Number of protein chains: 2
Amino acid sequence: MSYLIGEFSRLSGISIDTLRYYEKEKLIAVNRNSSGRRIFTDADLQWISFIKRLKETGMPIQQIRRYAFLRGQGDSTLRERLTLLKNHRAFVLEQKRIWEEHLSHLDQKMEFYEKKIAASEK
Amino acid sequence: MSYLIGEFSRLSGISIDTLRYYEKEKLIAVNRNSSGRRIFTDADLQWISFIKRLKETGMPIQQIRRYAFLRGQGDSTLRERLTLLKNHRAFVLEQKRIWEEHLSHLDQKMEFYEKKIAASEK
DNA sequence: GCTTGACCTGGAGTAAACTCCAGGTGGTAT
DNA sequence: ATACCACCTGGAGTTTACTCCAGGTCAAGC
């Protein structure tokens, strides 16, 4: 299946302007039809979903572009892409740790508040 | 103890410009000495540390300002501040969950890569 | 008494990642 | 054949959170 930008925007949950921006930034490489319109495929949908995840995990566009470039080179870059993901994994793991820490600090702070409120109540 | 902005910047790890920006945005209320210079205290250091944590947990300045405002109103706002923190806790918990999910997805992706590399090797 | 360094202000500039706009084209429904 | 709508482009504007700058003040050391 293939889609024009409007439908693809709906399917992917990414705005038309952002899709065009991603193409400009070389995160995606999009084919055109005879009248110059962008044609997106299901494969693009997979790829865009992964981009979304990379973005959600805080990867800057510059780095995603690097990954996209490697991907465009084919299977010879599998190792390098895996290395990139490994580094990113370390980052994601650290983020998870940090949020756990934030949570426990926040819980302490809230406990402190609860005590203070209880004290001011009697 | 009290500090001028330069020393306080070093102690808090927040740049001089950012401290002035935080004052402008009403995240902090700073006293001045007779010649108009900002005087920071240890209490300010505590507060700034908490602001740092709120920022690290993705709380936008607008919302921190609201918290700062309530804090400035004294103990009568303890409950409201606790409510604010409770809501924020839910957010932080969700973030933790999301990062866990990201981690497991990434691990799946990497496994996929490893298999593909192994296959292309023989 | 003059220089120096840390401080002051208002306002402009920056970076990242979009988001919007004006002006134009192509295919289709009436 | 004309209206309409989705699409196109280049480029300007937006948002958030700073960061930098020019021009000025003040207290201390020489």
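Convention: sequence-line order gives letters A, B, ...; per-chain numbering from 1. Here the structure is a predicted model, which means the values were calculated and not measured.
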- [ ] May I ask you to decide whether B:K52 forms a salt bridge with B:E56, counting only side-chain N to carboxylate O separations under 4.0 Å?
- [x] no
Task: Distance-only side-chain donor-acceptor flag, A:D44 / A:Y3, under 3.5 Å - done: no
Restricting both atoms to N or O, compile the protein contacts to nucleotides 23-26 of chain D shorter than 3.5 Å, with distance only.
from   : atom 1 : to    : atom 2 : distance (Å)
D:dC26 : O2     : B:R37 : NH2    : 3.4

Task: Start and end of chain A contact along DNA chain C [non-hydrogen atoms, under 4.0 Å] - done: C:dA17 to C:dG27
Task: Gap between atoms CG and P, on B:L4 and D:dA28 respectively (whole Å) - done: 11 Å
Open item on the list: Does a side-chain N or O of B:Y22 approach OP1 or OP2 of D:dC18 to a distance below 4.0 Å, or not?
Closed with: yes
TODO: Tell me whether the guanidinium CZ or amine NZ of B:K109 lies under 6.0 angstrom from the six-membered ring centre of A:F50 and within 45° of its axis.
DONE: yes
- [ ] Grab the CD-P distance between B:E23 and D:dC18 for me, whole Å please.
- [x] 15 Å
Task: Interatomic distance, A:D17 CG vs D:dT14 P [rounded to whole Å] - done: 15 Å
- [ ] Report the distance from atom CZ of A:R32 to atom C1' of D:dA6, rounded to the nearest whole Å.
- [x] 14 Å
Open item on the list: Does either side chain, that of A:Y67 or that of A:R81, offer a donor lying less than 3.5 Å from an acceptor on the other one?
Closed with: no
- [ ] Identify whether any heavy atom of B:R20 sits under 4.0 Å from a base atom; if not, whether one sits that close to sugar-phosphate; answer base, sugar-phosphate or nothing.
- [x] base
Open item on the list: Using whole Å, what does the distance between atom P of nucleotide D:dA17 and atom CD1 of B:I51 come to?
Closed with: 13 Å
Task: Salt-bridge present (A:E80, A:R66; N to O < 4.0 Å) - done: yes
Task: Hydrophobic cluster partners of A:L4 (side-chain heavy atoms under 4.5 Å) - done: A:I39
Open item on the list: Can you give me the closest heavy-atom contact between A:F91 and A:T57, atom names plus distance?
Closed with: CE2-O, 3.1 Å
Task: Residue whose closest nucleotide on DNA chain C lies nearer the 5' end, B:G6 versus A:S34 - done: B:G6
Open item on the list: Less than 4.5 Å apart, side chain to side chain, heavy atoms only: is that true for B:I16 and B:R20?
Closed with: yes
TODO: Using atom CD1 of B:I64 as one end and atom P of D:dT16 as the other, report the distance to the nearest whole Å.
DONE: 13 Å
Task: Nearest-angstrom distance from the residue atom CD1 of B:I14 to P of D:dA17 - done: 14 Å
- [ ] Go through the steps to decide whether B:R97 and B:E101 satisfy the test salt bridge (Lys or Arg N to Asp or Glu O under 4.0 Å), and finish with yes or no.
- [x] CA-CA 6 Å; B:R97 195 194 62 69; B:E101 194 193 310; 3.1 Å; yes
Open item on the list: Output the rounded distance in Å from CG (A:L19) to C1' (D:dA6).
Closed with: 14 Å
